[in-house]
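Every number for a ligand or one of its atoms is a count from 1 in the order of the listing.
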Amino acid sequence: MADNADQSETELTRSKSVDEKVAELELKTRAVHDAEPLTKILVLYTGGTIGMVTKNGVYEPEPDCMVQKLRALPIFHDAEYGDAHFCPETEANHLALPLLKSKLKTDGQPSPNGLTKEEFRVLFTVEEFEPLLDSSNMNMQDWATIASRIQDNYDQFDGFVVLHGTDTMAYTASALSFMCEHLGKPIILTGSQIPIYEVRSDGRDNFLSSLIIAGNYCIPEVLVCFNEKVFRGNRTIKNDATSFSAFKSPNMAPIVTLEIDISVDWAGVFRSGTTEKFRVATNFCPNVGLLRIFPGITAQTVRAFMQPPMQGVVLQTYGAGNAPDNRQDLLQLFREATNWGIIIINITQCTHGRVSTSYATGKALRETGVIPGGDMTPEAALAKLGYILGKDSWSLDKKRKMMSRNLRGEMTTSIQEEISIMDHELIESVARTLSLSSKDEIVKLRDALYPNLMCAAACTGDVQALEKLRQTGGNISAANQDGRTALHVACRGGHFSTVQYLLHHGASVHIKDYHGDTPLIDAISGKHMAIIKLLVQTGAVIPLKPEKMAVELCSAASQNDVDTIRAWHEAGADLNVCDYNYRAALHVAVCTYNTDVVQYLLDNGANTDIQDIFGNTPMSHAEKLCYHDILKMMGQESAVNHIE
Ligand code: ASP
């Protein structure tokens with residue numbers, strides 16, 4: 001009786017675990033075959049009016065409310081999709097934007113999912129900060145927290161949206177733009193003037209636009225999205241406390257405008273152009289300040305401002321960067337402060353324009369050691385100072401040099417020459433043949449032809465042709481009709497120096513073509529190890545779900561293709577990932593008696609005891625099939641003796 005009871009319990013346990021496995025299997029299979037293309041956005045909800053409610057007659061942030069409210073708004077969440085794809089217990093903060101019906105104009109730029117815009121699906125996960133803050137209460141530590149959350153989640157998401165109060169948004173955007181080094185994905189800050197829960201609110205449009213842009217346009221910058229415009233974050237200032245158009249970018253046109261068409265100024269996008277991985281620098285120097293001079297300011301006031309622990313001062317001067325040159329006491333003070341090691345950066349008090357040394361008054365300031373800050377906003381200048389002064393390993397001289405360099409597109413270094421598109425003979429002759437003459441028509445022609453010309457040049461590794469195209473206004477990351485960029489093509493063809501050239505000019509390693517493949521997948525297919533290494537060093541990660549990766553590894557294992565497995569491994573693949581039958585590459589390699597692959601897998605950490613859906617492990621396969629040499633490779637001498 002007892003035996004029977006034990007037996008039936010065992011059966012129950014077994015059948016339960018089989019049921020569980022089958023259920024998991026169904027999920028996995030769905031994941032593998034779920035062909036719907038998607039992009040994933042992480043929303044960091046820090047606070048601000050966008051999520052506030054009225055309490056005692058004033059606005060206050062309301063915790064644990066945003067996700068619930070968004071879920072009830074059909075423009076933010078497709079409930080049918082959510083019910084079918086998200087687990088209510090563990091994925092309560094996962095939402096799915098409904099599919100867009102209108103066609104988005106992409107200007108030859110692919111979405112991260114690489115598909116035509118009608119087909120994409122943007123999934124977003126909301127992470128709520130604790131406590132939620134009015135942005136007036138934020139400090140430098142909060143900037144570091146936001147940057148660190150982005151760093152922790154960088155590889156899992158295609159882009160980031162930060163919900164933030166408007167009051168200090170320009171400061172946070174500026175700070176993040178410096179703290180986020182070698183950025184390859186969009187980070188968009190947004191908020192609103194009226195809470196999203198109210199009937200009239202700018203919050204819904206601002207948030208939705210941010211999700212659409214972050215999910216579809218690989219703009220590797222920290223941006224601010226407000227009132228149908230997307231600005232470079234470190235160029236913004238909050239300029240209106242009452243209008244929906246709260247932000248302005250006085251010295252730079254918006255990067256994106258959302259009207260009936262969404263237009264992106266791809267030529268204006270700032271790209272880091274390095275082969276280094278994304279990282280964040282959170283060591284921010286707090287000893288910085290803004291000093292606005294005014295007629296009659298006393299030397300005592302300035303001296304008091306420059307006292308320790310002050311390390312960096314943004315000096316806001318008149319007009320084109322002028323300070324009184326008849327005030328030797330002030331000029332002497334600036335000279336002294338510079339000698340004490342304080343970095344002083346000169347920007348204009350005017351909203352629009354830049355500092356120059358056209359006036360004697362501006363020149364006098366320059367001669368005291370004050371650094372000209374071009375057309376930087378006060379927010380950007382302050383954030384840049386804090387970031388640079390936080391670089392403990394840099395000498396004072398290097399810090400001063402870096403202050404005058406354009407690091408993240410925060411200042412205009414030279415007056416950009418008008419790009420002469422007609423410099424390219426091909427464009428010129430096609431334009432003539434088609435009788436095109438207006439600049440708009442020729443720009444359209446260029447945008448249609450250049451991605452293909454770039455891919456053709458990359459295909460043969462023709463760096464000179466790429467350079468010519470770039471110089472005449474070509475967007476280095478533009479995609480052809482298949483969503484493929486020059487970097488995809490160069491990686492597939494194994495042209496190492498072309499890949500280097502493209503990366504150094506800001507080509508993105510994250511752009512997916514219409515099959516969802518990034519340049520890394522092309523490099524793996526071509527087994528180009530040096531290119532794979534370079535891409536990984538630049539921050540590329542395999543864009544496939546583990547189950548799909550396992551299918552690739554198992555397929556290579558079945559063909560004894562060690563080089564392909566090596567390529568996947570170099571690209572960061574875990575060799576123990578399992579396919580829809582819970583089989584890893586080692587199961588397949590053992591069963592097909594592909595000993596070269598078995599050896600490679602074992603040398604690189606493959607497990608011999610992973611159970612597939614039927615309970616078989618690579619080792620049990622070897623035992624059943626009496627593959628003595630494989631058992632020996634697995635260090636199972638005793639099992640071999642036992643079989644013999
Ligand atoms: N005081 C609010 C904040 O900055 C204003 C806003 O969000 O618009 O958090």
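Of the inter-residue distances, the one linking Tyr154 atom OH with Phe160 atom CZ reads 7.0 Å to the nearest 0.5 angstrom. Between the CE atom of Met138 and the CG atom of Asp167 there is a distance of 11.0 Å, given to the nearest 0.5 Å.
In this structure, Ala246 has no heavy atom closer than 4.0 Å to ligand 1.
At a 3.5 angstrom cut-off on N or O pairs, Thr166 counts as close to ligand 1. Annotation: Asp134 places an N or O atom under 3.5 Å from an N or O atom of ligand 1; distance criterion only. Residue-to-ligand polar distances keep Ser136 apart from ligand 1: every N/O pair is separated by 3.5 Å or more.
The 12-atom threshold is not exceeded at NZ of Lys248, counting heavy atoms of other residues, nucleotides or ligands nearer than 6.0 Å.
Those atoms of ligand 1 with a heavy atom of Thr49 less than 4.0 angstrom away are 2 (C), 5 (C), 6 (C), 7 (O), 8 (O). Taking every non-hydrogen atom of Gly48 and a distance limit under 4.0 Å, the qualifying atoms of ligand 1 come out as 7 (O), 9 (O). Of all the atoms in ligand 1, the ones that sit under 4.0 Å from a non-hydrogen atom of Gly165 are 3 (C), 4 (O), 7 (O), 9 (O).
Side chains of Thr274 and His182: a donor on one and an acceptor on the other come within 3.5 Å.
Closest approach of Asn287 to Met310, counting heavy atoms only: O-SD, 3.6 Å.
In terms of protein heavy-atom proximity, atom 9 (O) of ligand 1 is nearest to Ser135 N, 2.7 Å.
Taking the ring centre of Phe76 as origin, the terminal cationic atom of Arg204 falls outside the region bounded by 6.0 Å and 45° from the ring axis.
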